[in-house]
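Sequence lines set the chain letters: A, B, ... in the order given, protein chains first and strands last, and positions in each chain run from 1.
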Protein chains: 2
Amino acid sequence: MLSKKTQYAFHALIYLAENVDKGPILISEIAQEKSISIKFLENILLELKNSGILGSKKGKGGGYYLMKPPKEIALAKIIRLLDGPIALLPCVSLNYYERCENCRDEAVCGLNEVMGRVRDSALKILENKTLKDILTKS
Amino acid sequence: MLSKKTQYAFHALIYLAENVDKGPILISEIAQEKSISIKFLENILLELKNSGILGSKKGKGGGYYLMKPPKEIALAKIIRLLDGPIALLPCVSLNYYERCENCRDEAVCGLNEVMGRVRDSALKILENKTLKDILTKS
DNA sequence: CATAAATCCTATAAAAAAGATAGACTAAAT
DNA sequence: ATTTAGTCTATCTTTTTTATAGGATTTATG
């Protein structure tokens, strides 16, 4: 399961995407609209900013905004950033690979193979679906 | 990611499946072969037994054994049992559903829809692949 | 330039989950 | 009776997750 952090990030990003035309959006506004603790959300948005997903402006009239159009922000990127590996096992993770300690040889491990396929099927969706694809259907 | 508990369970089950013809297998043997803490493994095997996946025999000549042939034990079942939901969000979980607190209406939530598809693509594999499919390729 | 508005940043606390261990109990074999 | 091996429940430790606190910094504007 995705952590609350990642879930909150998605909801915040959706809100930002749905209000792209309104300039910078306040943390407090997002927190209220999406029922998220404001201080927790602050940390999350900061992290997204430091990774280049969001931009921000301080002072009056400030807030957060998307650095790229929603259709260019893949869901996989957000998950990896805040939650880490998408794969179910370390030994099949593309971005956070770790050797398996309980099997002798990954090359002949059937578990490795199946979990690799699960990863691929998830990535096929998560790498191609973007923020634009998860906006509220109107 | 799957917990260590679930990962250990898979390795133990693989070992049991690869030795079905040898009668009950000792916890200590599995622990040694797969480099798993014996006490931790004990708890895991007990849980698998109480769920009907494994059977056991006490005393001399005792140990654990599979209750069904490997090809009838789906991977999804093991994961759900020890790790909980396979879905990435509570609001798209078939077995551990919880309402989403941050969105107004799941019916129009695009995140819900996409994550539902990710769940389906994972289940398509995990419900159909069994213990038999993850045995060491010889 | 002063003030208010907002994000930035780091630290820390609290709670929950994961990982691991301990030890007494029960059942079976011989 | 003794040994062997699983059963059960409790507890401990560590790590991760979730959340909060509060001062620092930047910007707009009168």
Under-4.0 Å side-chain N/O to phosphate OP1/OP2 contact, [X] with [N]:
X: B:Ser3; N: C:dA17; answer: no
X: B:Tyr8; N: C:dA20; answer: yes
X: B:Ser37; N: C:dT21; answer: yes

[X] [atom1] to [N] [atom2]: how many Å, rounded?
X: B:Ile38; N: D:dT4; atom1: CD1; atom2: P; answer: 14 Å
X: A:Ile44; N: D:dT20; atom1: CD1; atom2: P; answer: 12 Å
X: A:Leu26; N: D:dT26; atom1: CG; atom2: C1'; answer: 15 Å
X: B:Lys4; N: D:dT15; atom1: NZ; atom2: C1'; answer: 13 Å
X: B:Met1; N: D:dT15; atom1: CE; atom2: C1'; answer: 14 Å
X: B:Leu46; N: D:dT9; atom1: CG; atom2: P; answer: 9 Å
X: A:Ile27; N: D:dT20; atom1: CD1; atom2: C1'; answer: 14 Å
X: B:Leu45; N: D:dA5; atom1: CG; atom2: P; answer: 15 Å

Does B:Glu42 or B:Asp83 map to a spot on DNA chain C nearer the 5' end, using the closest nucleotide for each?
->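 On the 5' side of the pair lies B:Asp83.
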So which one's nearest nucleotide on DNA chain C is more toward 5', A:Gly62 or A:Asn50?
->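 So the residue in question is A:Gly62.
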Measure from the side-chain heavy atoms of A:Phe40 and tell me the nearest of D:dT20, C:dG19, C:dT26.
->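 Shortest atom-to-atom distance from the side chain points to D:dT20.
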Side-chain contact, heavy-atom cut-off 4.5 Å: [X] with [Y]?
X: A:Glu72; Y: A:Lys77; value: no
X: B:Val92; Y: B:Tyr97; value: no
X: A:Glu29; Y: A:Tyr15; value: yes

Which residue lies toward the 5' end of DNA chain D, A:Gly59 or A:Leu2, if each is placed at its nearest nucleotide?
->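 It is A:Leu2 whose nearest nucleotide is closer to the 5' end.
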Check if the side chain of [X] and the base of [N] share a donor-acceptor pair of N or O atoms closer than 3.5 Å.
X: B:Lys60; N: D:dG6; answer: no
X: B:Lys39; N: C:dG19; answer: no
X: A:Asn43; N: D:dT20; answer: yes

Evaluate whether atom CD of B:Gln32 has more than 12 neighbouring non-hydrogen atoms of other residues, nucleotides or ligands under 6.0 angstrom away.
->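 12 or below, so no.
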The single option from B:Asn19, B:Leu48, B:Val20 passing side chain to side chain contact (heavy atoms under 4.5 Å, CB included) against B:Leu66 =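 By the side chain to side chain contact (heavy atoms under 4.5 Å, CB included) criterion, B:Leu66 pairs with just one of B:Asn19, B:Leu48, B:Val20: B:Val20.
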